[in-house]
There are 2 protein chains.
Amino acid sequence: MKGSTGTMLLTLLNRQPLYGYEMLRELERRSEGVFSLKEGTLYPILHSMEAEGWVEAYWEAVNGRNRKYYRITDTGSRVLKQKKTEWALFRNAVDSVIGAEFKRQAESSQSMGGGRFR
Amino acid sequence: MKGSTGTMLLTLLNRQPLYGYEMLRELERRSEGVFSLKEGTLYPILHSMEAEGWVEAYWEAVNGRNRKYYRITDTGSRVLKQKKTEWALFRNAVDSVIGAEFKRQAESSQSMGGGRFR
DNA sequence: ATGTAATACATAGTATTGCTATGCATAGTA
DNA sequence: TACTATGCATAGCAATACTATGTATTACAT
């Protein structure tokens, strides 16, 4: 794990509000088991993102359990966009250096950054 | 920068022995300016890689300057291979989670050493 | 009913990683 | 002569994530 955890969590929250425990399972599912965060990793991150104003928390009782949901803020959305751009830059730079055996091909989906990496 | 520095440095050394200062410039060149390590970042990494037995150092005087060259060891080569696999796994997992706008496509070239990547 | 697993949030302590700042020393150049 | 580039090195700090632990409730199996 190397620092893109925040980006991934913001991405999840960008779709819909989630509570902590749910994020753990969702992240593990989407990464096909590669990322299995522990609570001790997740919660401090959520707290600091809340302190930064990237997410907002609210409590909700569901099925007799208290859950602390997090929703992304406008600031958080802007940060996410920036972080995605940074990730793409970082990833492509690493691949350039180590000579990745996979090539990237531009796709027609939404534009994140400059998007003419190869 | 988050932890793949060692992988990138080992990759450079896997092609040929280099001295520290040279690695800084080579890394910057290959990453097109994205990675511009400082000496304070590089040398501790080299020392620890040497302590791990992944690289060997030897002094050589060139053009009236003393340079400390590093060459990769057999152990280092094995570690590099493993680290490259881990990087690919990590990178693809992050992309899966954040929904990268680039798709990966299998390439026919070899992974180590040869395959030039632009 | 009782024990265990799963759910759910939280903090303390530690390890790793990388950066900034600084130091020393030599060679080339303006 | 002064400044820049080259070349190696360490100390101190900041960020990040992991391990370990604590608390509490709910679900389920024995």
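All of these numbers come straight from a predicted model, not from anything done at the bench. Each chain gets a letter, A, B and so on, in the order the sequences are listed, and its residues count up from 1.
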Q: Could you tell me which nucleotide pairs with C:dT17 by Watson-Crick or G-U wobble geometry, both distances under 3.5 Å, or answer none if nothing does?
A: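 Across all strands, the one nucleotide that pairs with C:dT17 is D:dA14.
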Q: Using a 4.0 Å heavy-atom cut-off, write out nucleotides 21-30 of chain C from 5' to 3' as B (base contacted by protein), S (sugar-phosphate only) or - (no contact).
A: B----BS---
Between [N] ([atom2]) and [X] ([atom1]): distance, integer Å:
X: A:Lys38; N: C:dA15; atom1: NZ; atom2: C1'; result: 16 Å
X: B:Leu9; N: C:dT17; atom1: CG; atom2: C1'; result: 13 Å
X: A:Glu26; N: C:dA8; atom1: CD; atom2: C1'; result: 17 Å
X: A:Leu46; N: D:dT16; atom1: CG; atom2: P; result: 14 Å
X: A:Leu37; N: C:dA10; atom1: CG; atom2: P; result: 16 Å
X: A:Met49; N: C:dA10; atom1: CE; atom2: C1'; result: 16 Å
X: A:Tyr43; N: D:dT23; atom1: OH; atom2: C1'; result: 13 Å
X: A:Phe90; N: D:dT16; atom1: CZ; atom2: C1'; result: 13 Å

Q | Proximity to DNA chain C (any heavy atom under 4.0 Å), residues of residues 14-24 of chain A only | A | A:Tyr19, A:Gly20, A:Tyr21
Q) Among all residues two or more places apart in sequence or in another chain, which pass the ring-ring contact (aromatic ring centres under 6.0 Å, His included) test with B:Tyr19? A) B:Tyr69
Please set out all donor-acceptor pairs under 3.5 angstrom arising from side-chain atoms of residues 49-57 of chain A, sequence neighbours excluded.
residue, atom, partner, partner atom, Å
A:Glu56, OE1, A:Arg71, NH1, 3.1

Any [X] side-chain nitrogen or oxygen under 4.0 Å from OP1 or OP2 of [N]:
X: A:Lys68; N: C:dA10; value: yes
X: A:Arg67; N: D:dT26; value: no
X: A:His47; N: C:dC9; value: no

Q.
Within residues 55-62 of chain A, which residues have any heavy atom lying less than 4.0 Å from an atom of DNA chain D?
A. none
Q) If you check the A:Ile45 side chain, which of D:dA17, C:dG18, C:dA8 turns out closest? A) D:dA17
Q: Would you mind telling me which residue lines up with the more 5' stretch of DNA chain C, A:Asn66 or B:Gly6, judged by nearest nucleotide?
A: A:Asn66
Q: Sort and list the pairs that fulfil salt bridge (Lys or Arg N to Asp or Glu O under 4.0 Å) and have at least one residue in residues 23-41 of chain A, not counting sequence neighbours.
A: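 Found A:Glu26-A:Arg29, A:Glu26-A:Arg30.
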Q. Is a side-chain donor or acceptor of A:Asn14 paired with a backbone partner of A:Leu10 at a separation under 3.5 angstrom?
A.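 No: the side chain of A:Asn14 does not pair with the backbone of A:Leu10.
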Q: Using the side-chain hydrogen bond (donor to acceptor under 3.5 Å, both in side chains) rule, pick out the option among A:Lys84, A:Gln82, A:Lys83 that qualifies with A:Glu86.
A: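 When A:Lys84, A:Gln82, A:Lys83 are each tested with A:Glu86, the side-chain hydrogen bond (donor to acceptor under 3.5 Å, both in side chains) holds only for A:Gln82.
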